[in-house]
Amino acid sequence: RKYFALKKIPGELPVPEQQFVVDYTYLQSDAAGDGQRSRVQRRREIEPVYTLEDAMSSEGISISYSHREEEEYEGFHNLTTSSRIIGSREYVMLSASPMTGVAVTTRWRRVFMHEEHIFELDSVFGPNGLDHVKLAVECESLESPVKLPPFLEVEKEVTNDERYSSWHLATRSLERQDLEESRSWRQLSRDRRPAPPIF
């Protein structure tokens with residue numbers, strides 16, 4: 001699978017598409033420190049819309065749940081080693097034990113065909129809002145040539161860039177949130193505003 005970063009969220013695509021809103025929740029695991037992780041995923045299919053706001057507020061046509069095991073390898077990230085469909089009850093039970101310090105992330109996913117390839121266009125965001133827009137395509141190998149859709153503004157390939165991985169976003173989102181809160185507090189101090197009450 002190859003990944004490409006886009007410059008912006010596109011509007012209506014000139015090809016048929018399916019759309020989903022997908023939530024990733026990483027779970028507590030004793031093996032997490034060894035590069036092995038597990039997460040649950042909730043995927044809600046929606047009617048096609050063309051703004052992020054409409055996607056988040058859309059009612060789902062159908063909802064599915066899955067559990068995935070991931071493992072890191074040198075030069076790769078977020079490789080799924082196993083995946084299984086689960087029910088809503090198991091999803092609720094598993095997602096009640098999220099990994100400490102890791103954010104739940106969401107992506108607005110748009111799936112379409114181009115030049116005999118299936119593409120996934122993800123607008124990915126966490127606690128701090130939209131983080132990036134990423135295009136994924138299934139291919140036989142990383143060396144396989146891919147003809148990118150001409151109607152998308154691709155900035156660069158990010159196939160092996162861990163900064164665009166789901167795991168990195170989930171951990172980085174909370175770090176950025178803590179940093180922004182720290183900056184806001186320092187600004188308040190400089191403005192000599194009253195300190196919050198101590199309970």
Side-chain angles (χ1 to χ4, degrees), residues 1 3-6 8-9 18-49 51-72 76-111 120-136 158 161-185:
R1 181 176 275 216
Y3 298 91
F4 302 86
L6 272 65
K8 63 179 182 180
I9 299 177
Q18 278 186 291
Q19 294 190 11
F20 306 88
V21 176
V22 188
D23 299 319
Y24 287 0
T25 303
Y26 283 93
L27 307 176
Q28 290 287 6
S29 171
D30 294 336
D34 300 327
Q36 299 179 5
R37 297 180 289 268
S38 65
R39 64 175 167 86
V40 286
Q41 173 179 304
R42 178 176 63 179
R43 189 179 76 163
R44 177 164 52 93
E45 184 176 3
I46 62 174
E47 294 284 358
V49 293
T51 68
L52 190 59
E53 292 76 13
D54 288 342
M56 295 303 102
S57 61
S58 294
E59 294 186 4
I61 301 172
S62 63
I63 301 178
S64 62
Y65 308 90
S66 62
H67 177 271
R68 297 172 184 246
E69 298 288 341
E70 295 178 351
E71 189 168 354
E72 287 185 345
F76 297 91
H77 53 74
N78 285 0
L79 290 182
T80 300
T81 57
S82 66
S83 177
R84 63 184 177 90
I85 302 298
I86 60 176
S88 58
R89 181 175 298 181
E90 185 176 2
Y91 172 82
V92 171
M93 181 183 68
L94 291 173
S95 60
S97 300
M99 187 178 292
T100 303
V102 178
V104 175
T105 59
T106 302
R107 56 262 304 129
W108 172 28
R109 176 164 295 164
R110 307 168 69 178
V111 183
E120 291 182 354
L121 174 61
D122 281 2
S123 301
V124 187
F125 58 100
N128 302 294
L130 181 68
D131 190 273
H132 63 266
V133 185
K134 181 171 64 176
L135 182 68
V158 294
D161 190 337
E162 68 172 9
R163 293 174 298 176
Y164 290 84
S165 71
S166 300
W167 169 250
H168 188 73
L169 171 63
T171 53
R172 179 165 51 91
S173 290
L174 289 189
E175 292 173 359
R176 289 174 57 192
Q177 188 176 41
D178 291 342
L179 178 61
E180 290 302 320
E181 290 175 353
S182 176
R183 287 173 176 169
S184 298
W185 176 246

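Using a 3.5 Å distance cut-off with no hydrogens or angles, the side chains of Arg43 and Gln41 do not pair a donor with an acceptor.
Between the Ser97 side chain and the Met93 main chain, no donor and acceptor come within less than 3.5 Å of each other.
By the side chain to side chain donor-acceptor pair (under 3.5 Å) test, Arg109 is found to be paired with Tyr24, Asp122, residues two or more places apart in sequence or in another chain being considered. Scored by the side chain to side chain donor-acceptor pair (under 3.5 Å) test, Ser58 finds no partners at all (sequence neighbours excluded). Scanning for side chain to side chain donor-acceptor pair (under 3.5 Å) contacts around Arg107 gives Thr105, Ser166, with sequence neighbours left out. Residues passing the salt bridge (Lys or Arg N to Asp or Glu O under 4.0 Å) test with Arg84, sequence neighbours excluded: Glu90. The ring-ring contact (aromatic ring centres under 6.0 Å, His included) search around Tyr65 returns Tyr91, not counting sequence neighbours. For Glu47, the side chain to side chain donor-acceptor pair (under 3.5 Å) criterion is met by no residue, not counting sequence neighbours.
The two residues Val49 and Gln19 have their closest heavy-atom pair at O-NE2, 2.8 Å. Nearest heavy-atom pair across Phe4 and Leu6 is O-CD1, 3.7 Å. Nearest heavy atom pair, residue Gly60 against residue Arg44, reads CA-CG, 3.5 Å. Counting all heavy atoms, side chain and backbone alike, Leu130 lies closest to Val124 at CD1-O, 3.5 Å. Across all their heavy atoms, Thr25 and Pro98 have their closest contact at CG2-CB, 4.0 Å. Considering every non-hydrogen atom in both Ala5 and Val158, the closest pair reads N-CG2, 3.9 Å.
Within the 4.5 Å cutoff, the side chain of Leu27 has no heavy atoms near those of the Met99 side chain. Looking only at side-chain heavy atoms (C-beta outward), Ile46 and Trp108 come within less than 4.5 Å of each other. Side-chain contact check for Arg42 versus Ile63: some heavy-atom pair is nearer than 4.5 Å.
Note that the OG atom of Ser66 and the CZ atom of Arg39 stand 7.0 Å from one another [nearest 0.5 Å]. If you take OG on Ser57 and CD on Glu59, they are separated by 9.5 Å, rounding to the nearest 0.5 Å. Summarising the geometry, atom OH belonging to Tyr3 is positioned 12.5 Å from atom CG belonging to Asp161; distances are rounded to the nearest 0.5 Å. The line from CD1 of Ile9 to OG of Ser123 is 4.0 Å long, rounded to the nearest 0.5 Å. A distance of 9.5 Å separates CG of Leu169 from OG1 of Thr106, quoted to the nearest 0.5 Å. Of the inter-residue distances, the one linking Glu120 atom CD with Arg110 atom CZ reads 13.0 Å to the nearest 0.5 angstrom.
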